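Before any comments, here is the structure.
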There are 2 protein chains.
Amino acid sequence: MTTQTLTTTRRPALIEAFTAPKGFGDQTLRDRRADAIELLGGIPDPSVLPTEALAAATSRVLAKPGVPALQYSRTEGISPLREWIAEREGVPVDRILITNGGFHGLALAIQSVVERGDLVAVDNPIFPLFLRGLQLSDARPLPIFVGPHGLDIDHLSDQLRAGARPSALYTVPDFHNPSQGTLPGEARKELVRLAEQYGFVILADNPYRELRFAGEQESVEEFNNSDHVLHINTFTKTLGPGLRLGWTVAPERLSRDLVALRSRQDSHSSTLVQAIIAELVTSDPGIFDVTLDQARALYKNRAETLVSALHREAPGAFETVLPDGGLFLWPKLADSSVNPDQLAADASAEGVEYQRGSFFPSGPGTDADRHLRLAYGDVPAAKLEEAAARLGRALQRQQG
Amino acid sequence: MTTQTLTTTRRPALIEAFTAPKGFGDQTLRDRRADAIELLGGIPDPSVLPTEALAAATSRVLAKPGVPALQYSRTEGISPLREWIAEREGVPVDRILITNGGFHGLALAIQSVVERGDLVAVDNPIFPLFLRGLQLSDARPLPIFVGPHGLDIDHLSDQLRAGARPSALYTVPDFHNPSQGTLPGEARKELVRLAEQYGFVILADNPYRELRFAGEQESVEEFNNSDHVLHINTFTKTLGPGLRLGWTVAPERLSRDLVALRSRQDSHSSTLVQAIIAELVTSDPGIFDVTLDQARALYKNRAETLVSALHREAPGAFETVLPDGGLFLWPKLADSSVNPDQLAADASAEGVEYQRGSFFPSGPGTDADRHLRLAYGDVPAAKLEEAAARLGRALQRQQG
């Protein structure tokens, strides 16, 4: 027998395509002050999660004869939960696929819809972790501008007419992350029309949709009625990220592939978590909407508090738009002489952490680097006011 | 603008490689009698799952200030659970990666270790769903015989010497599925030596390991101490499949890739489920072993009951080996004139369902088709006796 060389360094191309996070998602960027106020992530406040009702639902679920919540279940999800979701979505139950949260829905979509090396149209600016997800298919992003009303359909249309042939398009239609616009109904119709004409699949990522606290809800019918849309949803922002549970409204022509993929990965989402949520929402038909109402009131108050505090603590420094929902403020620096990277460093030194706007572009041509993404969901009002004061002091370092 | 043709039929190569299940896993095979006794899957009995303790743990977890169980957590898993597992495994905590169960650990391994089209050495006979998982990397299986003491290391060694160069090897070392042998310590050492010499990664799939009810536990040190092994484990058979929670003991050189992949798929396992299990096992240090002891006693009784009943109801028909643990019996038909497919059909007509041995080979040369896989985990003793009687009647249909 001859001596072999160990082939320990060879890695699959799938893995080789992964790059380390730069900016957003990079936990190693800097040391934080112990008293830092973090406005970093879209995290729901624990006070508006139905904690006691979840505990009670768990007890009931675990007391059922034979304890089906502890047993295997179908890849698509358990029926009572899928039925409740299907009714809210206005689609047949077999179009609902339970996932481990919204990002999981996106990952399954990327793997089952996008061929390796394909072009994928994406928001610009964008939720940056989606670009990391795209590495699962080694896909090339095609940036499409996002304006005050979400995705710029004219820009997309121009790109398609110029010959771009994406296999998928990614957008956050309600309370865009980071820029907070909501895609109007007419634009939704036109977007779906383009998808059907050019044969791409829309990945409509809608985690914040239920958190509207002002204005009129936009319809999701256009998404749910097209066989060119995967409408990706989650309980993350409403019942808690730690559940890791969401759902995708999938057309029949795509759902079989999603299920076939999922059955080869982790089989199905936790039956226990599914059963707890199903018990929660079906045993008390009003509880989900009551929970949402409490959350909306809290986030409305926090958004208003933060906007007011910014104008009070840093008069004239920011152009702000009070959002109609969601968990983020996206203020723009009014003074073009302010260096936003220096501001982020100074803010950190003053004890406030946020995501720099420069983390969010998926291509050139945006003013995202003049913005800050301030997440207010899990930060009490008094801390938001203190955060604004610290931001004001950080600005003065450059202006003083 | 010219009219486009819809490209609705193009699917990624990843998905195109998936084939529909044949035999094992095919739910459409036949209609079952309403009173059918199912000996189909490795399902733990609800009576030996710590249901009340799980409910109590959930209440405590959801009462913690700030309710961290409902929030995001690290891809690797939450610390208290990883620490408890690491201590049991005898490895540093950073080598423990929490997964959504054993199959999920296998899927992550297949995607992060196996290049598309690679050769992967596999048990023959084999747990058939692993071959479905292999389609995630469009890998080619290299069947290695499994004997009464698990994987045939001599056969593997011959294949390697003859030039086979798998990137991974799949085996169930404890209570092999389906054939129930356990790989002896010396064979474990030799297997690891071959992996290190030839540069492949062992996927040691160990879901039944904790369910030993006779004989001496084999060491897993060889697996946990090699940087050529992913030791894949789960709470599925001990605390319940519906939790969807497991862990992989990973060497440092592979764990980064597994985590990078996982962070692009579903981010992390349910924080809630992790927190519940961590609370369960750490708040009462004896509870996990007490739970295991109850389960082992029950499964020992059921295995013995089924073996006795088979010999009583169908004298001389089966060669049986009473297993030392796990959830399956793998009897062989003593009479070579019995047609095993006809037997399965007749058994179904008599009202007993099991997995035919012919579902399990990964290649030619085994006698698996002369076997039956009878799962006794979730079937009470009286029903096992009735199942044996029905099997006896099914045999008489051919012999009468």
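Chain A is the first sequence line, chain B the second, and so forth, proteins listed ahead of strands; every chain is numbered from 1. Everything numeric in this text was worked out from a predicted model, so none of it was measured. Any value given below was found using the heavy atoms of this structure, including those in side chains, with hydrogens, waters and symmetry copies removed.
The residue among B/Asp378, B/Thr236, B/Ile110, B/Asp118 with the most heavy atom pairs within less than 4.5 Å of chain A is B/Asp118. If you tally non-hydrogen atom pairs under 4.5 Å between each of B/Leu108, B/Leu272, B/Leu134, B/Leu239 and chain A, the highest count goes to B/Leu272. For chain A, the option among B/His268, B/Gln265, B/Arg264 with the highest count of heavy-atom pairs below 4.5 Å is B/Arg264. Considering only heavy-atom pairs separated by less than 4.5 Å from chain A, the leading option among B/Pro44, B/Gly246, B/Gly101 is B/Pro44. Ranked by heavy-atom pairs under 4.5 Å with chain A, the list B/Ser263, B/Ala63, B/Ser137, B/Gly41 is led by B/Ser263. Between chain A and the residues B/Val201, B/Val114, B/Val67, B/Leu70, the largest count of heavy-atom pairs under 4.5 Å involves B/Leu70. Contact count versus chain B (heavy atoms, under 4.5 Å) is highest, among A/Ala107, A/Ala20, A/Pro241, for A/Pro241.
Every side chain to side chain contact (heavy atoms under 4.5 Å, CB included) that B/Pro380 has, sequence neighbours left out, goes to B/Arg302, B/Lys383. Residues forming a ring pair (Phe, Tyr, Trp, His ring centres under 6.0 Å) with B/Phe130 (at least two apart in sequence, or on another chain): B/Tyr170. Residues that satisfy the side-chain hydrogen bond (donor to acceptor under 3.5 Å, both in side chains) test with A/Ser112, not counting sequence neighbours, are absent from this structure.
With A/Arg262 as the partner, the side chain to side chain donor-acceptor pair (under 3.5 Å) test is satisfied by one option alone out of A/Asn100, A/Thr75, A/Thr99: A/Asn100. Only one option out of B/Leu258, B/Leu254, B/Leu230 pairs with B/Leu97 in a side chain to side chain contact (heavy atoms under 4.5 Å, CB included); it is B/Leu258.
Between A/Leu119 atom CG and A/Gln159 atom CD the span is 9.0 Å, to the nearest 0.5 Å. If you take CZ on B/Arg256 and CD on B/Glu252, they are separated by 5.5 Å, rounding to the nearest 0.5 Å.
In this structure, a donor-acceptor pair under 3.5 Å is absent between the side chains of A/Ser167 and A/Glu115. A donor atom on one side chain and an acceptor atom on the other are found under 3.5 Å apart for B/Thr271 and B/Ser73.
Residue B/Val61 does not touch chain A at all, counting heavy-atom pairs closer than 4.5 Å. When heavy atoms are compared at a cutoff of 4.5 Å, B/Leu62 approaches chain A by way of both its backbone and its side chain. Heavy-atom distances place the side chain of A/Ile15, and not its backbone, under 4.5 Å from chain B. In this structure, chain A has heavy atoms under 4.5 Å from both the backbone and the side chain of B/Ala260.
For the pair B/Ile232 and B/Trp247, the minimum side-chain heavy-atom distance is 4.5 Å or more. B/Leu136 places a side-chain heavy atom less than 4.5 Å from the side chain of B/Phe18.
Along residues 46-55 of chain A, the residues that come nearer than 4.5 angstrom to chain B, judged on non-hydrogen atoms, are A/Pro46, A/Leu49, A/Thr51, A/Leu54, A/Ala55 in order of number.
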